[in-house]
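Following: one structure in structure tokens, then a few remarks.
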Amino acid sequence: MSRLSQTFLPTLKDPPADAESLSHQLIVRAGLARQLAAGSWTYLPAGWRVHRRIERIIREEMDGIGAQEVSMPVLQPAEIWKQTGRYEIDELFKLNDRKGSEMVLAMTAEEALTWHVAREVRSYRDLPLLLYQLQTKERDERRPRAGLLRTREFVMKDAYSFDRDPAGLERTYALNIEAYDRIFDRCGLDWHRVASDVGMMGGTGADEYMAPCAAGENEIALAPGYAANVEVASAEAQAVELPPGLEAPERAETPGQTTVEAVSASLGVAPGALIKALPVIVENRGMVLVLVRGDHRLNEIKLRNHLGADFRQARLEEIAESLGPAGFIGPVGVSVPVLMDAAIAGESFITGSNEPDAHLRGVRPGRDFEFEQVDVRAVEAGDPALGGGGAIEIVPAIEIGNIFKLGRRYSEPLGATFLDENGAEQPIVMGSYGIGPARILAASVEQRADERGIVWPRSLAPWQLHLVSLSKGDGDEQKAADRIYEELLSAGVEVLYDDRDAGTGQKLTDAELLGCPLRIVVGRRTLAEGEVEAQLRGSGEDLRLPADDAAAEAIRVLEGIR
RNA sequence: CGGGGCGUGGCGCAGUCUGGUAGCGCACUCGGCUGGGGGCCGAGCGGUCGCUGGUUCAAAUCCAGUCGCCCCGACCA
């Protein structure tokens, strides 16, 4: 029963003042959801229909790879989170019950599920195991933003795999990739699976599923055949013109010139002909001098991953003590280890001299200083992709799913072990696999909407068909529209029937705002010719259908829409 | 967590600087007209101006505190 006159679908002519992103504006305007507090959202009937369609696709594909659905509590004892060391996470909601016991609101469920598996699984015969749930997650976000894109409470599909060894994990991981690829395809998204930083989750590998859109919080580097989170992306460097080589480095006076721009301007060379020297203090290791090309930026995540340790910028006094005056630092003659980015290729660079107000020209890596070559620069738009795939493009994207190879990160602290064929106790090898249905919803709106409103793919649309009766009272149009509605219902079509006593403009603009794939309009003019009008929301294509056979014809048209 | 902005009928806003007892548009209700792109006319309902305290004869307006919301950045297991 979906008569609009009886449906709670509060549409807005104007977006609320606090909505910035496109999906935030349209989700509110189209009556899909309303905000209760910062990062807390209520789904209204139409929005929840979309959410449930996404959930259904996820369930079908997860079940299809042999995953089994469970449901775990959101309210969990703090103890297991302390055991894995995740109790310290700032984003974890913490509370006490009336007895004073420490509790948390779960942000994922590795601890809870691993705790159960530790008690129930004893033998290699019980493995592998792939369990999942669609359950509310809570996160004490520092800054919720952009409508449904970053909220404090949201439903997540979270799956966890339990294998006996890394090879088993690889197989399970590959199965999840297959399921994820199908899920995002079926949701009609433009998406990329990108290599990602494993971050503090630890583990041995991770991929993220990214949907490019303007409101995205992440950036991904794309080229034909290449996609990576910029946090870990690599590329060839764009060529730079270097000055002629010299027999030995030569001092160049650069009074007061402490920036790349100033030095390159004063010496008449491209910024890329300079070497930027960045002194950092590595945890438990001391100072290291990191070199990147003058026109490049250091990617701190790549450096951290290379070092395998945390680091910080050196302080001015540390630089002065070990190297020289800040702003004039270079690799020649220093006694600290030098890491040089691979993009520095050539035989004549400008570097700092480690003396005030002077640089060196004609510096040749290898001849004038020793170094370890590394890849630690941030890729830039226009860089040639590795392997000749064309130029890198950097686009904002929203993370709609991620998959992690966890290894023994959780099984060891929680004692999830099994006995192998030889009776030896082994820790279980785990993986975890997340998807945010709300982000799929928002990303779909972001990617497909036009100036009139949302454009749903058939797979996500709250209703397949939006039937509009332009008549009022009980004239012939009303009767025809009623009849078509009943026929569509009995044919099993999900139809929203706008039977309201409202103006034409309001009905048509609401239909365009809500964005169902096919709109059927029953109006006096065309009905007089024995026809009704059909419009495809995506393409804007207009069709006429015979009024007598409108339901069957509409279903046929619908089946041709993606 | 750092920076910025905003809280006045359901929504969008004016009024705040310069204190004098709250207004506009939309929406909503009723009546009438209209009936293919948010139409017209008329009559209405609806607000302790986020909250607390202070100054004052008098506070939406000035002062202090506090709560909430948005944006940028940082962070994001």
Side-chain angles (χ1 to χ4, degrees), chain A residues 10-21 24-25 28-29 31 34-41 81 84-93 104 106-111 137-147 149-152 154 156 158 196-203 206 208 215-219 229 231 300-301 398-399 402-407 409-410 413 430 432 434 436 439 451-453 468-473 475 477-478 481 498 500-513 519-529 531-533 535 542:
Chain A
T11 57
L12 262 38
K13 199 184 324 192
D14 299 306
D18 58 13
E20 287 284 322
S21 73
H24 187 178
Q25 295 185 3
V28 174
R29 285 188 56 206
R34 287 290 186 268
Q35 185 173 330
L36 180 62
S40 292
W41 284 78
W81 291 76
T84 61
R86 294 214 297 170
Y87 189 70
E88 307 307 320
I89 297 174
D90 288 335
E91 281 76 19
L92 183 65
F93 271 108
V104 306
M107 46 195 297
T108 58
E110 281 86 355
E111 284 80 1
K137 301 293 179 298
E138 308 285 345
R139 294 192 182 175
D140 193 358
E141 291 286 351
R142 281 147 198 236
R143 183 154 97 82
R145 60 177 291 274
L149 285 182
R150 181 168 288 272
T151 54
R152 295 192 293 182
F154 56 97
M156 179 193 276
D158 47 323
S196 75
D197 181 39
V198 293
M200 299 295 277
M201 279 291 277
E208 291 169 331
E217 299 183 291
N218 301 94
E219 289 189 321
N229 194 313
E231 292 176 347
E300 296 189 6
I301 292 171
I398 173 174
E399 182 182 353
N402 57 47
I403 53 182
F404 289 98
K405 295 174 191 169
L406 297 175
R409 165 77 177 80
Y410 295 91
M430 293 176 55
S432 78
R439 287 187 163 186
E451 61 287 345
R452 297 181 161 194
V468 178
S469 167
L470 290 185
S471 72
K472 290 190 176 177
E477 307 112 275
Q478 191 69 47
D498 191 347
R500 293 175 300 175
D501 181 15
T504 305
Q506 189 174 350
K507 290 182 172 185
L508 297 183
T509 49
D510 271 355
E512 282 151 1
L513 180 61
R519 185 183 77 191
I520 302 291
V521 175
V522 181
R524 179 171 37 82
R525 288 184 193 166
T526 43
L527 193 62
E529 299 166 22
E531 292 181 322
V532 299
E533 294 152 63
Q535 188 179 70
D542 287 306

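These numbers come from a predicted model, not from an experiment. Numbers restart at 1 for each chain; the letters A, B, ... are given by sequence-line order, proteins then strands.
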Looking at [N], which nucleotide sits across from it as a Watson-Crick or G-U wobble partner, both distances under 3.5 angstrom, or is there none?
{"N": "B:G53", "answer": "B:C63"}
{"N": "B:C40", "answer": "B:G32"}
{"N": "B:G73", "answer": "B:C1"}
{"N": "B:A14", "answer": "none"}

Given [options], which nucleotide is nearest the side-chain atoms of [X]?
{"X": "A:Gln506", "options": "B:G36, B:G38, B:G37", "result": "B:G38"}
{"X": "A:Arg519", "options": "B:A77, B:G36, B:G37", "result": "B:G37"}
{"X": "A:Ile89", "options": "B:A77, B:G37, B:G36", "result": "B:A77"}

Considering only the [atom1] atoms, how many Å lie between [N] and [M], rounded to the nearest integer?
{"N": "B:U8", "M": "B:C40", "atom1": "P", "value": "28 Å"}
{"N": "B:G3", "M": "B:A74", "atom1": "C1'", "value": "11 Å"}
{"N": "B:C49", "M": "B:U16", "atom1": "C1'", "value": "11 Å"}
{"N": "B:G23", "M": "B:G46", "atom1": "P", "value": "13 Å"}
{"N": "B:G39", "M": "B:G47", "atom1": "C1'", "value": "29 Å"}
{"N": "B:A14", "M": "B:A22", "atom1": "C1'", "value": "11 Å"}
{"N": "B:G19", "M": "B:A59", "atom1": "P", "value": "13 Å"}
{"N": "B:C51", "M": "B:C11", "atom1": "P", "value": "15 Å"}

Residues forming a side-chain contact (heavy atoms from CB on, under 4.5 Å) with [X], sequence neighbours excluded:
{"X": "A:Thr84", "value": "A:Arg86, A:Glu111, A:Arg409, A:Tyr410, A:Pro413, A:Leu414"}
{"X": "A:Pro16", "value": "A:Leu12, A:Asp18, A:Ala19, A:Val28"}
{"X": "A:Glu138", "value": "A:Val74, A:Phe93, A:Leu105, A:Thr136, A:Glu153"}

Rounded to the Å, how far apart are [X] [atom1] and [N] [atom2]?
{"X": "A:Asp510", "N": "B:G38", "atom1": "CG", "atom2": "C1'", "result": "8 Å"}
{"X": "A:Leu149", "N": "B:C76", "atom1": "CG", "atom2": "P", "result": "19 Å"}
{"X": "A:Asp14", "N": "B:G12", "atom1": "CG", "atom2": "P", "result": "9 Å"}
{"X": "A:Asp140", "N": "B:C1", "atom1": "CG", "atom2": "C1'", "result": "13 Å"}
{"X": "A:Lys13", "N": "B:G10", "atom1": "NZ", "atom2": "P", "result": "19 Å"}
{"X": "A:Asp501", "N": "B:G31", "atom1": "CG", "atom2": "P", "result": "12 Å"}
{"X": "A:Gln535", "N": "B:G36", "atom1": "CD", "atom2": "P", "result": "17 Å"}
{"X": "A:Arg142", "N": "B:A74", "atom1": "CZ", "atom2": "P", "result": "13 Å"}

Over all strands shown, is [X] touching base, sugar-phosphate only, or nothing at heavy-atom distances under 4.0 angstrom?
{"X": "A:Thr526", "value": "base"}
{"X": "A:Glu533", "value": "base"}
{"X": "A:Asp90", "value": "nothing"}
{"X": "A:Leu12", "value": "nothing"}
{"X": "A:Glu111", "value": "nothing"}

Salt-bridged, [X] to [Y], with N to O below 4.0 Å?
{"X": "A:Glu399", "Y": "A:Arg150", "answer": "no"}
{"X": "A:Arg29", "Y": "A:Asp14", "answer": "no"}
{"X": "A:Glu20", "Y": "A:Arg145", "answer": "no"}
{"X": "A:Glu533", "Y": "A:Arg519", "answer": "no"}

Can you check each nucleotide of nucleotides 66-71 of chain B against protein heavy atoms at under 4.0 Å and return B for base, S for sugar-phosphate only, - for none, in 5' to 3' order?
---SSB
On RNA chain B, nearest-nucleotide positions of A:Pro16 versus A:Arg150: which is more 5'?
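Mapping each residue to its closest nucleotide by heavy atoms, the 5'-most match is A:Pro16.
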Comparing A:Asn218 and A:Gly523 on RNA chain B - which has the more 5′ nearest nucleotide
A:Gly523
Is there a donor N/O on one and an acceptor N/O on the other, under 3.5 Å, for the side chain of A:Glu477 and the base of B:G36?
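No.
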Contacts of A:Glu531 that satisfy side-chain hydrogen bond (donor to acceptor under 3.5 Å, both in side chains) - sequence neighbours left out:
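Expected list: A:Arg544.
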Excluding sequence neighbours, so at least two apart, what forms side-chain hydrogen bond (donor to acceptor under 3.5 Å, both in side chains) with A:Thr509?
none
Under 4.0 Å between a side-chain N/O of A:Arg139 and OP1 or OP2 of B:C76, yes or no?
no
Output the distance between atom CG (A:Asp140) and atom CG (A:Leu92), rounded to the nearest 0.5 Å.
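Interatomic distance, A:Asp140 CG to A:Leu92 CG, rounded to 0.5 Å: 9.0 Å.
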